[in-house]
Amino acid sequence: MSPDGKQVALVAPSGVRGAKLLVIDIAAGTSKTILVSSGEPERLSGCRWSTETRLVCKIYAIIKSAENNVQYTRVLALNNDGSDMKMMTEAGNNRSIGVAQDGGSVIDWSADASASAILMTRNYLPEMTTNTRTASEDDGLGVERVDTVTLARRSVEKPYPNAVEYISDGRGSVRILGLRPTRGTSGYAGARTAYLYRQEGKREWLPLSQVVSGPTGYTGFNPYAVDPKLNVAYGFNEKDGRQALFKVSLDGSLTQDLVLARPDVDVAGLVRIGRQDRVVGAYFVTDRRETEFFDPELRKLGAALGRALAGRIVTFIDASADESKLLLFAGGDSDPGVYYIFDKSTRKLQDLTGARPQLEGLKLATVKAVTYPAADGAQIPAYLTLPAGSDGRNLPAIVMPHGGPSARDEWGFDWLAQFFAHQGYAVLQPNYRGSSGYGADWFQKNGFQSWRTAIGDVNDGGRWLQKEGIAAPGKLAIVGWSYGGYAALQSAVLDSDLFKAVVAIAPVTDLEMLRNEFLNFENYLQASAFIGRGPHVTEGSPAQNAAAIKAPVLLFHGDLDANVGIGESRLMERKLKAAGRSVELIEFKGLDHQLADDAARTQMLGKADAFLRTALGF
């Protein structure tokens with residue numbers, strides 16, 4: 001939402017794989033496209049207002065290299081009519097040593113009294129000194145004040161070679177710095193991040209906390225935001241085995257107070273609104289997402305909106321500079337959602353636009369939270385989506401494990417589950433052990449090192465569908481994306497007779513290959529520790545156990561995937577063919593992990609449906 005509350009910027013799909021930036025005039029109800037990205041390779045990922053008439057947008061592109069697919073980001077600014085477009089990311093020169101992948105991020109939209117100035121991180125690169133006396137030795141991440149209209153810029157925080165994060169107070173003052181030293185001469189980042197802070201009005205950096213990451217998560221106070229009015233840092237830390245929200249005083253005392261904790265689930269994140277990204281609450285997910293507001297007015301308003309929009313979850317997206325107008329989103333399981341404008345002065349709720357207008361009038365499936373027993377008696381939370389109008393009996397059924405594995409499914413609209421439900425399948429989405437959101441005991445050693453438990457839970461979901469009579473005999477399949485694709489393949493290794501068909505999209509197939517994909521990146525040590533070493537690396541790799549898989553397999557993968565290299569699916573295809581198994585790999589040229597392409601996704605869905613129908617005799 002623009003600072004004056006009169007306009008909204010919205011990024012929407014454009015063409016086959018592109019995106020467009022729409023500016024919506026709220027009063028007039030009109031919209032105008034002012035920027036389009038082709039998706040070949042550049043993609044528009046998000047925009048925000050710097051003034052009433054100027055927007056700042058981030059674009060990214062994945063470039064194929066001999067060893068890895070590498071993502072680059074850049075930041076640009078333009079007027080709300082599309083004119084005067086300028087690159088905000090500082091350009092390098094022919095003396096720069098290396099190439100800046102990170103084009104910077106805005107950390108403060110209210111840098112000072114100038115309405116058009118922001119605070120933005122900059123990745124400084126040292127320069128070669130040959131034949132020059134003016135080469136810059138600056139190296140690392142720093143912060144600049146940049147005018148989004150004139151591009152006038154000045155350094156606010158000098159670059160530190162080990163800097164990984166800066167947190168501002170929303171009023172133009174950088175209050176927190178995160179430093180993650182590298183190990184020896186390898187260039188790989190260590191597991192420990194040291195956070196420093198400043199007292200209000202001072203420049204000296206003081207110790208705040210130490211955060212240590214590991215295969216089961218992290219320990220230590222992890223700061224996320226600064227509240228300048230309370231003079232505290234909000235952040236997350238462990239409490240009783242689950243993630244809780246704390247605030248730490250930045251007055252020199254470092255007094256730590258618990259803000260919000262749950263005995264059943266993690267506190268998942270902060271709720272922030274407005275030009276200063278004011279912290280107004282936090283959210284957690286039980287069966288559904290819930291918000292605990294700290295702001296009394298918004299707590300009351302949230303409750304009222306929840307009643308007015310019953311059956312949907314209301315999310316606060318943004319606000320005008322004075323917070324008199326709010327941008328909201330409300331959606332549910334069978335409702336893809338609508339964006340609304342709420343005017344506090346008139347108490348009026350105005351429809352802005354639907355999230356998926358193409359689905360209007362189409363009867364969609366409802367989603368029900370369920371639990372089912374694992375082999376060891378643990379109750380596994382899951383979501384069951386049944387075809388609209390179905391009695392939920394004797395259906396072709398799909399188990400659909402989520403990606404991550406450090407993630408979880410939530411109640412709400414899921415386009416993939418909805419597609420299969422529309423085609424007549426029952427869909428079960430389990431939050432197996434290894435999922436995040438339920439605390440350390442549930443996460444275990446993560447879904448790779450504890451794969452037997454995680455995949456066992458997934459398979460027990462399939463057995464539950466059969467036992468309850470939801471899945472018709474012989475008509476049970478598994479479909480997954482990313483780690484979910486790994487789980488789909490590995491489920492057939494663990495129990496080769498359970499699923500009659502496997503669909504894996506952008507799957508991990510070999511844990512040692514996955515480890516090697518990180519060799520050229522600074523987070524290699526963290527990725528390697530997450531995967532771990534030992535017998536589970538071979539035993540838990542579907543490609544190394546392909547002969548155990550009996551069911552036919554259908555693979556999809558983009559050749560620009562920077563999350564999981566396409567080599568993993570190619571290896572899986574070779575191994576299955578060598579074992580005499582039925583397999584087909586469909587490669588999408590120029591697409592990354594998300595396969596964000598209308599034609600590709602249409603082909604994928606149609607091909608997957610036809611494959612499952614044939615395999616299940618449906």
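Because only heavy atoms are used, hydrogens play no part in the values below, and waters and symmetry mates are left out as well, while side chains stay in. Along the sequence shown, residues carry numbers from 1.
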Measure from NZ or CZ of Arg288 to the centre of the six-membered ring of Trp411 and say whether it is under 6.0 Å with the direction within 45° of the ring axis. yes
Treating Gln243 as the side-chain partner and Val267 as the backbone partner, does any N or O pair qualify as donor plus acceptor under 3.5 Å? yes
Between Arg175 and Arg198, is there a donor-acceptor pair closer than 3.5 Å when you use the side chain of the first and the backbone of the second? yes
Tell me, do Val75 and Val56 make a side-chain contact under 4.5 Å, heavy atoms counted? yes
Between Gln7 and Asp25: side-chain donor-acceptor atoms closer than 3.5 Å: no
For Asp147, is there an ion pair with Arg154 - N to carboxylate O distance below 4.0 angstrom? no
Please determine, by modelled atom types, if Asn162 and Arg180 share a side-chain donor-acceptor pair under 3.5 angstrom. no
Using a 3.5 Å distance criterion without hydrogens, assess whether the side chain of Ser31 forms a donor-acceptor pair with backbone atoms of Ile24. no
Does Trp49 offer a backbone N or O that forms a donor-acceptor pair with the side chain of Arg54 under 3.5 Å? no
Given Asp335 and Arg356, is the salt bridge (charged side-chain N to carboxylate O under 4.0 Å, His left out) satisfied, shown in steps? CA-CA 9 Å; Asp335 178 0; Arg356 294 176 183 264; over 6 Å; no
Measuring from atom CZ of Arg278 to atom CG of Leu270, what distance do you get when rounded to the nearest 0.5 angstrom? 13.0 Å
Please evaluate residues Asn68 and Asn520 with respect to the criterion side-chain contact (heavy atoms from CB on, under 4.5 Å), reporting the C-alpha separation (whole Å), side-chain torsions for both, the decisive distance (0.1 Å), and the verdict. CA-CA 8 Å; Asn68 294 95; Asn520 294 323; 2.9 Å; yes
For Gly104, does its backbone N or O pair with a side-chain atom of Thr121 as donor and acceptor, under 3.5 Å? no
Output the distance between atom CG (Leu78) and atom SG (Cys57), rounded to the nearest 0.5 Å. 5.5 Å
Atom NZ of Lys344: over 12 foreign heavy atoms under 6.0 Å: yes
Decide yes or no on salt bridge (charged side-chain N to carboxylate O under 4.0 Å, His left out) for Asp112 and Arg171, but give the supporting numbers first. CA-CA 7 Å; Asp112 49 39; Arg171 297 178 179 177; over 6 Å; no
Worked check of side-chain contact (heavy atoms from CB on, under 4.5 Å) between Phe413 and Val367: CA-CA 8 Å; Phe413 180 84; Val367 179; over 6 Å; no
Is Asp318 reaching over with its side chain to a backbone N or O of Gly274, donor-acceptor style, under 3.5 angstrom? yes
Could you tell me which non-hydrogen atom of Thr353 sits nearest to which non-hydrogen atom of Leu10, and how far apart they are? CG2-CD2, 4.0 Å
Mind listing the closest non-hydrogen atom pair of Phe518 and Leu514 along with its distance? CD1-O, 3.2 Å
Checking Glu42 against Arg74 for the salt bridge (charged side-chain N to carboxylate O under 4.0 Å, His left out) test, could you report, in this order, the C-alpha distance in whole Å, the side-chain angles of both residues, the deciding distance, and whether it holds? CA-CA 10 Å; Glu42 78 287 351; Arg74 294 295 181 262; over 6 Å; no
Evaluate the side-chain proximity of Pro405 to Phe530: yes if any heavy-atom separation is below 4.5 Å, no if none is. yes
Hydrogens and angles aside, do Asp409 and His402 bring a side-chain donor and acceptor to less than 3.5 Å of each other? no
Testing the basics here: between Glu52 and Asp4, what is the closest heavy-atom pair and its distance to 0.1 Å? CG-OD2, 3.0 Å
Carefully, step by step, assess Lys32 and Asp81 under the rule side-chain contact (heavy atoms from CB on, under 4.5 Å). CA-CA 8 Å; Lys32 179 180 180 181; Asp81 61 0; 4.0 Å; yes
Mark yes when over 12 heavy atoms from residues, nucleotides or ligands other than Lys300 sit less than 6.0 Å from its NZ; otherwise mark no. no
Any idea which heavy atoms bring Met604 and Trp481 closest together, and the distance? CE-CZ3, 3.9 Å
Determine, using ring centers only, whether Phe236 and Phe221 are less than 6.0 Å apart. no
For Lys86, does the NZ atom have more than 12 heavy-atom neighbours from other residues, nucleotides or ligands under 6.0 Å away? yes
If we only count heavy atoms from C-beta on, is the Leu141 to Tyr160 side-chain gap below 4.5 Å? no
Backbone N/O of Lys325 and side chain of Asp343: donor-acceptor pair under 3.5 Å: no
Heavy atoms of Leu179 and Val164 approach each other most closely as N-CG2, 4.5 Å
For a 4.5 angstrom cut-off between non-hydrogen side-chain atoms, does Leu352 reach Leu327? yes
Calculate, to the nearest 0.5 Å, the distance between atoms CG and OH belonging to Leu245 and Tyr234 respectively. 7.5 Å
Working to the nearest 0.5 Å, report the span between NE2 of His593 and CD1 of Ile505. 9.5 Å
Any side-chain heavy-atom pair of Phe420 and Met400 under 4.5 Å: yes
Could you check whether any side-chain N or O of Ser37 sits under 3.5 Å from a backbone N or O of Arg43, counting only pairs where one atom can act as donor and the other as acceptor? no
With no hydrogens and no angle check, just 3.5 Å: does a side-chain donor-acceptor pair link Tyr60 and Asp592? yes
Heavy-atom donor-acceptor pair, Lys64 side chain to Asp559 backbone, under 3.5 Å: yes
Using a distance-only test with no angle check, is there a side-chain donor-acceptor pair under 3.5 angstrom linking Tyr383 and Glu410? no
If we only count heavy atoms from C-beta on, is the Leu76 to Met85 side-chain gap below 4.5 Å? yes
With a 4.5 Å limit on heavy-atom distance, are the side chains of Tyr340 and Gln350 in contact? no
Does Tyr339 have its ring centroid less than 6.0 Å away from the ring centroid of Phe329? yes
Lys158 and Glu144: salt bridge (charged side-chain N to carboxylate O under 4.0 Å, His left out), yes or no, with the steps? CA-CA 9 Å; Lys158 68 178 183 179; Glu144 291 184 322; over 6 Å; no
Do Val11 and Cys47 touch side chain to side chain, with heavy atoms closer than 4.5 Å? yes
Nearest-0.5 Å distance that lies between atom CG in Leu326 and atom CD1 in Ile341: 8.5 Å
Nearest heavy-atom contact between Gly558 and Ile566 is O-CB, 3.8 Å
Okay, side chain of Thr291, backbone of Phe293: is any donor-acceptor separation there less than 3.5 Å? no
Using side-chain contact (heavy atoms from CB on, under 4.5 Å), reason through Leu349 and Leu309 one step at a time and then give a plain yes or no. CA-CA 10 Å; Leu349 189 65; Leu309 300 169; 4.1 Å; yes
Value for CD (Glu323) from CG (Leu298), rounded to nearest 0.5 Å, stands at 7.0 Å
